[in-house]
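FYI, side chains are in, hydrogens and waters are out, and symmetry mates aren't considered; it's all heavy atoms of this structure.
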Amino acid sequence: MVSNNGDALSLIELFPQDEDWSLQTMRLLGQVAVGGADMFECARTAARIGTTTLDEEVWQREWSRTAADVAAQGYAALERGETTTARRALFRSLSYWRHSEFFLDSFDPRRTEAYLEGTKNFQKAAELTDGLIERIAVPFEGIEMEGYIVRPDNSGQARPTVLFLGGADSWAEELYFLGGTEFPDRGMNVVMIDTPGRGSSLRFKELYSRPDYEVPVRAILDHLEKRGDVDADRIGLAGVSFGGYYAPRAAAFEPRVKAVAAWCGTWSILTDFYEFYPPLQKQLQWLTGSKDDAEAREKLAAFTLDGVAEKLDIPVYVMHGEADIIMDIEGARRFVAALKTDDVTVDIYDGAGSLHCSYDYLSVASARLADWFLNRL
């Protein structure tokens, strides 16, 4: 099924001077509905930055200022015993810290500061959820991949579970606001892990991305099937952005996955992402452990679904936006055309939802993703 939303494309552009600044901030604004940000905190930060500057130092300074201020409000509320207020503020602080470091060079120490401060605040907020967000660690190749399982309740009941994989610049924590709240609302668990090339695994363990993503996914599923609150016969796998490669690749070689979703379809990461959107080339070099452009190109050539897509014999969901400037929609179309499975759902948004990851339609897109898994698992 192709879902074309006919609404005129109407965007909230706080930074009209730069397409990338504006797009990434719409990513943040999309999380307002689920508590990942506050519209007016974002607007006040944008006003301090202004609509003419392109100084990335100003960007980092002002978003980190907002992140620190909101966190301070959260910890002050916690000291007063106002746990709900504290939890919500600390969740928002995570998002602002992540936003602050987006345009910094890969090895800028302020990226580490933002990551440590942001994840610390998220983890404190998670402690205030009465156990519904639990930190977990998955043994893998001599280290541990860290992340979370989010449950609908503390009953211990074995639930359908979706492993949600992020993209090139995502942290496991951010996925909570990109759809992670939707699964527990429908009686499913969601698992968010810093897999190779992402989050703490990249920053502190030099666990770089790899084309055979079924290997780390297998380790996670081995860990999950030992849990009493996970129904190992009802496992789903979703990937957003670069995860639109990770998830189908892993599902094609991991029989425990019963349904898979690519929130941004792709065929070749080299052509559909690296070459299509040069602003993220440094990020992709970092996450693949490449010293330069040539090495990154050589490694990323292996990140293709050629010879993989036709192996998928489970339900597949593909979502993509017509105006996606980060991942080429032609890669999504090529992936869909290569599928042989009988159960394929395709949502191509050409109005609202046409941005990368449908940031401008996030409430609808993430709900459709969760509903699709609910109907398959």
Go through the steps to decide whether Glu141 and Arg210 satisfy the test salt bridge (charged side-chain N to carboxylate O under 4.0 Å, His left out), and finish with yes or no. CA-CA 13 Å; Glu141 297 186 349; Arg210 52 194 293 167; 3.0 Å; yes
Test side chain to side chain donor-acceptor pair (under 3.5 Å) on Tyr277 and Asp20; report intermediate values, then the result. CA-CA 11 Å; Tyr277 189 65; Asp20 289 328; 2.4 Å; yes
Check the pair Glu173, Arg98 against side chain to side chain contact (heavy atoms under 4.5 Å, CB included), reporting the backbone distance first and the verdict last. CA-CA 10 Å; Glu173 294 79 7; Arg98 188 214 61 79; over 6 Å; no
Arg88 vs Glu41, salt bridge (charged side-chain N to carboxylate O under 4.0 Å, His left out): CA-CA, chis, key distance, verdict: CA-CA 13 Å; Arg88 291 173 177 171; Glu41 288 170 349; over 6 Å; no
With side chain to side chain donor-acceptor pair (under 3.5 Å) as the test, would you mind laying out the steps for Thr161 and Arg227 before giving the verdict? CA-CA 11 Å; Thr161 301; Arg227 296 180 60 102; over 6 Å; no
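With respect to Asp69 and Arg92, no salt bridge is recorded, no charged nitrogen being found less than 4.0 Å from a carboxylate O. With respect to Lys340 and Glu310, no salt bridge is recorded, no charged nitrogen being found less than 4.0 Å from a carboxylate O. At a threshold of 4.0 Å, the pair Arg110-Glu57 counts as salt-bridged, since one of the basic side-chain nitrogens sits closer than that to a carboxylate oxygen. A salt bridge links Lys299 to Glu295: one of the charged nitrogens lies within less than 4.0 Å of a carboxylate oxygen. Salt bridge status for Arg333 with Glu322: present, with a side-chain N to carboxylate O gap under 4.0 Å.
The closest side-chain heavy-atom distance from Val190 to Met188 is not below 4.5 Å. Inter-residue side-chain proximity for Ile136 and Ile193 is flagged as met; some heavy-atom pair is nearer than 4.5 Å. Annotation: side chain of Asn121 is in contact with side chain of Tyr75 (closest heavy-atom distance under 4.5 Å). Residues Arg198 and Leu175 form a side-chain contact, since some pair of their non-hydrogen atoms from C-beta on lies under 4.5 Å apart. Put simply, the side chain of Phe273 does not reach to within 4.5 Å of the side chain of Leu300, judged on heavy atoms. Taking the side chain as every heavy atom from C-beta outward, Leu270 and Phe303 never approach each other to under 4.5 Å. Using a 4.5 Å heavy-atom cutoff, the side chains of Tyr96 and Cys42 are in contact. Residues Tyr208 and Leu202 meet the side-chain proximity criterion, which asks for heavy atoms closer than 4.5 Å.
A salt bridge (Lys or Arg N to Asp or Glu O under 4.0 Å) check over residues 264-277, counting only residues at least two apart or in different chains, returns the pairs Glu275-Arg297. Within the structure, salt bridge (Lys or Arg N to Asp or Glu O under 4.0 Å) contacts touching residues 153-168 (residues at least two apart or in different chains) are Asp153-Arg159.
Under the 3.5 Å distance criterion, with hydrogens and angles disregarded, no donor-acceptor pair is assigned to the side chains of Thr85 and Arg80. Checking Gln24 against Tyr359 by side-chain atom types alone, no donor-acceptor pair falls below 3.5 Å. Residues Asp293 and Tyr274 have side chains that bring a donor and an acceptor to within less than 3.5 angstrom of each other. For the residue pair Thr195 and Tyr213, a side-chain donor N or O sits within less than 3.5 Å of a side-chain acceptor on the partner.
Neither Phe91 nor Leu132 shares a network with the other; the hydrophobic side chains, linked directly or stepwise wherever heavy atoms of I, L, V, M, F, W or Y lie under 4.5 Å apart, form separate groups for each.
In this structure, Lys282 places its NZ atom where only 12 or fewer heavy-atom neighbours from other residues, nucleotides or ligands lie under 6.0 Å away.
Between Tyr349 and Tyr361, the distance separating the two ring centers is shorter than 6.0 angstrom.
Using modelled atom types, one side-chain atom of Thr304 and one backbone atom of Trp267 make a donor-acceptor pair closer than 3.5 Å. The main-chain N or O of Ile314 is found under 3.5 Å from a side-chain atom of Thr341 such that the two form a donor-acceptor pair.
Ring-plane geometry between Phe103 and Trp59 is classed as perpendicular, the angle between the planes exceeding 60 degrees on a 0 to 90 degree scale with a lower cut at 30. The aromatic rings of Tyr246 and Phe242 lie parallel to each other, with less than 30° between the two planes, well short of the 60° mark.
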Give the table of side-chain donor-acceptor pairs shorter than 3.5 Å for residues 112-119, with sequence neighbours excluded, one pair per line with atom names and distance.
| unit_1 | atom_1 | unit_2 | atom_2 | d |
| --- | --- | --- | --- | --- |
| Tyr115 | OH | Asp194 | OD2 | 3.1 |
| Tyr115 | OH | Ser200 | N | 3.0 |
| Glu117 | OE1 | Lys120 | NZ | 3.2 |
| Thr119 | OG1 | Tyr115 | O | 2.7 |
| Thr119 | OG1 | Leu116 | O | 3.4 |

